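This report concerns only the one structure given below.
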Amino acid sequence: MIKLDITKATKFLKAGAVEGLEPKVKAAQEALESGSCEGSDFLGWLHLPTNTSDKFLDEVQAVANTLRKKCEVVVVAGIGGSYLGARAVIEALGNSFSWLINDKKNPTILFAGNNIGEDYLYELTEYLKDKKFGIINISKSGTTTETALAFRLLKKQCENQRGKAEAKEVIVAITDAKKGAARTCADKEGYKSFVIPDNVGGRFSVLTPVGLLPIAVAGYDIKALIRGAQDMEKATGKDVPLAQNIAAQYAATRQALYQQAGKKIEIVVNFQPKLHFIGEWWKQLYGESEGKDNKGIFPAACDFTTDLHSMGQWIQQGERSIFETVLSIENPNHRLDFPSDEENLDGLNFLAGKRVDEVNKMAELGTSLAHVDGDVPNIRVSVPKLDERYLGQLIYFFEIACGISGLIQEVNPFNQPGVEAYKKNMFALLNKPGYEAESKAIKERLSK
Ligand SMILES: O=P(O)(O)OC[C@H]1O[C@H](O)[C@H](O)[C@@H](O)[C@@H]1O
């Protein structure tokens, strides 16, 4: 199981501060379980792991196998919760140079629909010109502009290259059961599709087909991923008291640091570059869940040791409003011993015979000691190794902790009304039908 260590964080709090939040934790757990909290229409993720049957996973796997058989490249189109979880898991489990490896065992997974960069889309469509590619089009609302724009381009290209009939077999939609343009298109074209349950919000959807299908296409074991999430669902259930419940402890510790010690920024840090997108996924989960009503810890992420050479100065000595949560991987999946060198021109013979990971671990320990000395509370999440089961545990750990933490903070953790503001302006500026009044108003505002 993954483990949590809060001892280097609680020393920045008054004695008993975390335990003092136990009644609030309990109330949050009960509200989640009974569905009596705000946003209770979006609690489908809570028991999703134990409610996911092997039969359903076999169905997802069968569709993945079709894509694996028929495609050298699969483009996953989606943004936010319809993007980050799949990418986080695929990159954490994959070879760091996967796009350069052409062993034909697994299709190359590429991502689109998560930006509107013309060069990005041009370069993607150029790359795909001589490739047998398929598309997984993911959007809960089915109307997200970034994703829809990329999908239109990719769909046309896929049909042109493979013919409409074959394209149908390699385009899969993951969207709402009834609503949205992605659903209309999938039904009209006869694509295989999966439903994103109504009661699972985007940022909590990685364990639905939103994450499961791309992860299975990439060649990873989705049953083990779900088993891991089930382990954590049991270990962090409502009746597991704070002293044994690592998700409740994480939630209470970060809220105590925020509310009682003025720590307003949390960085999730890793010492393995392939965890970069776990940090990105976590940022959306916590940022959209807690950043509202003029409240919320600012969620950021750093890749160490890389960012110790850029952000390290700020973290060590900048404004003391930051704490860090370290994702520590206990054992790497490969072994690389550092060689000895007769001439020792680089002066590194003191490392000879050590594993590279030993050096990394000392960097990790040295960093946490330095940061704690610099008044940066340090929370540590230890993951035995990077595999599907532990990642499943990690995902559910952060999800349930997020629900508890948001409720302790007294916000609705399951909505994201603020995200609409930029969209409204963009649609008004682009003269989207239905936005006539907004178009007029925004043009007047800009002409002043
Ligand atoms: O899945 P979609 O409906 O396309 O949404 C994708 C993303 O877009 C948004 O604007 C929301 O803020 C996110 O929570 C969501 O995950």
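Whatever order the structure lists ligands and atoms in, that order sets their numbers, starting from 1. All of these numbers come straight from a predicted model, not from anything done at the bench.
Between the side chains of Asp303 and Asn270, at least one donor-acceptor pair of N or O atoms lies under 3.5 Å. Side chains of Asn160 and Lys129: a donor-acceptor N/O pair is absent below 3.5 angstrom, by distance only. A donor-acceptor contact closer than 3.5 angstrom is absent between the side chains of His371 and Asn378. Judged by distance alone, the side chains of Glu266 and Thr325 do bring a donor and an acceptor atom under 3.5 Å apart.
Counting atoms of ligand 1 from 1 in the listed order, those under 4.0 Å from a heavy atom of Gly80 are 16 (O). The Val419 neighbourhood of ligand 1 comprises atoms 10 (O), 12 (O), with distances under 4.0 Å to a heavy atom of that residue. Atoms of ligand 1 lying under 4.0 Å from any heavy atom of Thr144, numbered from 1 in the order shown and given with element: 2 (P), 3 (O), 4 (O), 5 (O). Every atom of ligand 1 with a heavy atom of Ser141 under 4.0 Å away is listed here by number and element: 2 (P), 3 (O), 4 (O). Residue contact check: Lys140 has heavy atoms under 4.0 Å from atoms 1 (O), 2 (P), 3 (O), 4 (O) of ligand 1. Atoms of ligand 1 found under 4.0 Å from any heavy atom of Ser82, numbered from 1 in the order shown, are 1 (O), 2 (P).
Within the 4.0 Å heavy-atom criterion, both parts of Ile79, backbone and side chain, lie near ligand 1.
Atom CD of Gln393 sits about 13.0 Å away from atom CZ of Arg227, to the nearest 0.5 Å. A distance of 11.0 Å separates CG of Leu308 from CD of Glu364, quoted to the nearest 0.5 Å.
Any N or O atom pair closer than 3.5 Å counts here, and Arg203 shares no such pair with ligand 1. Checked by distance only, ligand 1 and Gly142 stay at 3.5 Å or farther apart across all their nitrogen or oxygen atoms.
Pairs of residues two or more places apart, or lying in two chains, that qualify as ring pair (Phe, Tyr, Trp, His ring centres under 6.0 Å) and include a residue from residues 67-117 are Tyr83-Phe111.
If you check which protein heavy atom lies closest to atom 12 (O) of ligand 1, you get Glu288 OE2, 2.7 Å. Protein heavy atom nearest atom 16 (O) of ligand 1, with residue, atom name and distance: Gly81 N, 2.8 Å.
Taking the six-membered ring for Trp and the full ring otherwise, Phe323 and Tyr258 have centroids separated by 6.0 Å or more.
Comparing Glu420, Lys423, Gln416, Gln284 by heavy-atom distance to atom 15 (C) of ligand 1, the nearest is Gln284.
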